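Reviewing the structure listed below.
Everything numeric here is computed off the predicted structure, so don't read it as measured data. Order of the sequence lines fixes the chain letters, A, B, ..., with proteins taken first and strands second; residue numbering starts at 1 for each chain.
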Protein chains: 2
Amino acid sequence: MVKYDVLIIGAGIVGLSTAYHLKMLDPKLNVIVVEKKSSPGQGETGKAPGGFRLDVWTSKTNLSLGRSSIMFYRHIQEDLKIDLGMKWVGYLFMMDNGLYETAKPALNKMDSMGVKYRIYSKEDLARNLNVNVNVLDEEAKSMNLRNIDVGLMFPNAGYWRQENMVKFYEMEFIRMNGKILYNTFTSRIITGPRIEFNIPNEPHIWQEVIAKGALTDKGFIEANEIVVAASAWAPQILDSIGIDCHFKPKKRQVFIVKANTEPLKQVMFAKGFNKLNAAPFLFIYVRGESWLWMKPDIGELAYWIGCSDHLGRAYGVVEDDPPAEENFYKYGIYQVLVKYFPQFINVYPSNSHAGYYDISIDGLPIVHKESNITVVGGTSGNGLSKADALGRITAATCLNREYAELYGGEKFKVSDLSIVNRNIDKEIFII
Amino acid sequence: MVKYDVLIIGAGIVGLSTAYHLKMLDPKLNVIVVEKKSSPGQGETGKAPGGFRLDVWTSKTNLSLGRSSIMFYRHIQEDLKIDLGMKWVGYLFMMDNGLYETAKPALNKMDSMGVKYRIYSKEDLARNLNVNVNVLDEEAKSMNLRNIDVGLMFPNAGYWRQENMVKFYEMEFIRMNGKILYNTFTSRIITGPRIEFNIPNEPHIWQEVIAKGALTDKGFIEANEIVVAASAWAPQILDSIGIDCHFKPKKRQVFIVKANTEPLKQVMFAKGFNKLNAAPFLFIYVRGESWLWMKPDIGELAYWIGCSDHLGRAYGVVEDDPPAEENFYKYGIYQVLVKYFPQFINVYPSNSHAGYYDISIDGLPIVHKESNITVVGGTSGNGLSKADALGRITAATCLNREYAELYGGEKFKVSDLSIVNRNIDKEIFII
């Protein structure tokens with residue numbers, strides 16, 4: 001039986017980025033990726049809203065991960081001419097003056113970190129975007145909605161095609177003789193004592209425990225190192241061997257509304273925000289930690305729309321292809337959306353899907369190694385924007401290196417994202 | 001139907017400490033505690049090893065919690081003459097020179113924090129404790145055991161009767177007209193919109209969500225505020241409403257060996273460590289993060305013995321009264337123990353039990369509030385020693401106060417233990 005150097009569980013963007021960077025670090029490594037779906041990026045990656053941001057963060061850690069990753073992807077798109085569908089339309093956050101005031105400390109920190117943004121007045125927004133900035137009729141008041149006073153525009157952001165990103169990593173990994181098994185479900189990681197004494201109930205407290213490999217529906221795969229990049233499915237794999245991945249998956253929903261009326265197209269091709277003359281990726285504040293987001297995709301001529309819900313939305317129920325809920329749009333999103341964009345009145349989604357997000361306790365990714373098992377997770381919240389750096393850091397962690405070299409040359413201390421020696425700069429701009 | 005001001009789920013030490021301090025802060029509060037067991041402290045509290053430490057920490061946060069709590073319990077025992085069974089025998093950590101070197105930074109920090117400790121030579125230990133300090137025969141070598149070169153003795157520690165502690169809080173709480181329902185199982189917390197619109201699938205993204213109360217097998221209990229102090233059982237209660245408690249329960253086992261031979265009594269009544277002429281609470285380093293611990297209980301004339309296992313021990317399986325595993329002692333603990341204490345050869349446990357520990361990502365407790373639900377957890381690892389402070393902080397958090405006053409007068413900013421504004425001093429002395 002082949003014993004692989006590294007077995008990676010999960011062919012999402014992070015698993016494949018890790019696979020690619022392992023081979024880049026050491027081309028002789030015998031690396032295998034196993035994935036239960038039939039193609040790459042079908043889990044959290046494919047279900048994500050598809051936005052990217054180079055620098056819409058305050059955290060030094062996030063900025064290192066995001067800037068280097070986005071510069072790498074821009075290099076692929078612009079220098080290597082591999083189309084990732086990157087559209088630099090910007091991110092636009094719309095809010096009232098009250099919320100804008102509370103964002104000031106974050107904006108001050110962004111100033112000091114060189115993050116670029118522009119402020120739009122409500123008059124600008126009303127004119128350029130055809131957004132209704134004064135929403136406070138009786139109904140909107142009873143819904144606790146807020147007027148829009150300010151637009152906060154970050155130009156170094158946009159959306160892309162994450163399916164092209166995973167394809168890039170997949171093809172390059174295979175070109176370097178990496179192996180991928182699709183349609184292969186991992187039921188568990190098999191652990192045992194490093195040195196077997198053949199006594200009952202091994203391993204015991206005095207024995208070193210390691211992972212021997214993974215049991216899949218295609219048989220046992222033996223490996224010296226294991227990387228778990230299974231996002232929402234990580235707890236299923238890790239709980240049974242007693243590793244806490246430190247995140248729980250929560251369902252998130254995406255509704256796709258076609259821009260097939262003139263007013264909807266007019267919003268989509270808004271002028272005054274970017275060179276593409278397209279609406280930015282839009283965020284409207286709702287309440288608590290919830291923002292309504294809208295990706296006006298000029299390629300698809302469709303809006304992707306969603307809003308995270310929090311308290312009351314259960315953890316722990318993970319389905320392969322969870323459905324979106326019609327009433328979540330009808331009584332939730334729609335009711336808010338039409339107050340700001342009456343263009344959406346009587347327009348309903350042509351399509352919808354749902355996935356999961358997983359967020360760590362401090363909102364930053366975790367790359368943790370226990371024995372010979374490396375776990376990467378907690379990547380939701382523009383995780384795609386950090387995927388290249390995360391692959392490098394996960395690969396370096398797996399190979400027991402102290403530093404990962406990010407694109408552009410920054411040396412990143414991998415233990416900064418670990419659990420035991422975690423050393424992150426907290427994010428204070430939380431969307 | 002009565003609507004309570006506060007409903008507390010869990011009558012362990014933390015739940016009851018919270019109940020007591022809520023009434024101390026505001027005697028008019030109508031507080032109810034629900035507990036599935038028939039008496040207090042039957043979950044993690046009762047299954048804990050029962051050690052306490054006033055100051056065996058490096059973390060400023062732990063020292064605030066621990067010192068104030070232990071001083072409070074000493075006040076109860078010595079001034080109020082309520083016997084908590086506190087025995088100040090000290091904690092003694094035994095290790096080789098290699099590990100001692102790695103502990104130096106922690107000891108230096110302890111020096112600066114005024115934590116008292118003494119060093120014992122291996123000769124002292126061999127003489128006073130009858131411990132075998134040179135264990136490296138062929139078998140011990142193959143087990144990767146280490147000699148004992150150094151004993152690190154912390155006098156401000158010992159063991160107690162946690163059942164007396166919960167009794168104290170329970171009685172005082174009832175005396176202040178607090179209500180406790182035993183044998184009452186909470187199946188779930190019921191959440192809903194603060195303001196009901198009577199539309200399908202409420203609450204929606206624009207609605208504020210609150211807990212209305214808890215569904216128990218004795219009926220629905222309505223409350224304005226809910227405190228979840230359910231330790232290992234918290235995820236069962238919180239996952240379904242989408243609150244991440246940020247810890248997972250892991251099984252831990254306790255084996256009780258009677259000191260009914262002369263050599264075993266001789267170890268137990270070791271001289272030279274404390275005024276009681278009793279052996280300290282003992283810790284012998286095994287490997288990784290694992291220490292073999294032994295509580296030589298001079299009241300019971302029995303040793304409580306255990307050792308945490310890590311990788312390979314599953315998370316997520318929570319039973320009401322999990323059994324200890326005979327082979328865990330026989331092939332694990334016993335094999336290590338008899339190398340250092342041959343007095344235990346051919347002696348086996350007369351009794352055993354198991355419970356759960358729950359530890360947060362940074363090892364410090366979490367007191368987190370989301371809407372009107374306060375969650376306290378991640379308290380394992382001498383959590384009993386911090387229970388009074390945790391009750392005060394949880395009570396203050398529940399009542400939306402910014403500070404909790406700890407015993408002795410320290411004002412503790414409650415958000416320091418929260419998730420969003422977490423601000424803790426990391427513990428670097430990890431046992």
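- We find the CD1-OG distance between B:I361 and A:S360 to be 6.5 Å, quoted to the nearest 0.5 Å.
- Heavy-atom pairs under 4.5 Å with chain A peak, among B:G288, B:P235, B:S142, at B:S142.
- Heavy-atom distances place both the backbone and the side chain of A:V209 under 4.5 Å from chain B.
- No donor-acceptor pair under 3.5 Å is formed between the side chain of A:W206 and the backbone N or O of B:I333.
- For B:K426, the part lying under 4.5 angstrom from a heavy atom of chain A is the side chain only.
- With respect to chain A, the highest number of heavy-atom pairs below 4.5 Å among B:S371, B:G363, B:P203, B:A314 belongs to B:A314.
- With chain B as partner, the option from A:E202, A:Q335, A:E208 having the largest number of non-hydrogen pairs under 4.5 angstrom is A:E208.
- With a 4.5 angstrom heavy-atom cutoff, B:E325 does not touch chain A via any of its atoms.
- Side chains of B:H246 and A:H246 form no contact here, defined as non-hydrogen atoms less than 4.5 Å apart.
- Residue A:I373 touches chain B through its side chain alone, counting heavy-atom pairs closer than 4.5 Å.
- Shortest non-hydrogen contact noted between B:T191 and A:G312 is OG1-CA, 4.0 Å.
- Within the 3.5 Å criterion, the main-chain N or O of A:I243 finds no donor-acceptor partner in the side chain of B:K248.
- Using a 4.5 Å cut-off between heavy atoms, B:R287 contacts chain A through its side chain alone, with no backbone atom that close.
- Ranked by heavy-atom pairs shorter than 4.5 Å toward chain A, the options B:K250, B:K330, B:H310 are led by B:K250.
- Under the 4.5 Å side-chain criterion, counting only non-hydrogen atoms from C-beta, A:Y315 is not in contact with B:S240.
- Among the candidates B:I366, B:N327, B:D309, the residue making the largest number of heavy-atom pairs closer than 4.5 Å to chain A is B:N327.
- A:C307 SG to B:H204 NE2: the interatomic distance, rounded to the nearest 0.5 Å, is 12.0 Å.
- The CE atom of A:M143 sits 7.5 Å away from the CZ atom of B:F197 when rounded to the nearest 0.5 Å.
- Here the closest heavy-atom approach between residue B:I205 and residue A:V286 is recorded as O-CG1, 3.6 Å.
- Of the inter-residue distances, the one linking B:D244 atom CG with A:D358 atom CG reads 11.0 Å to the nearest 0.5 angstrom.
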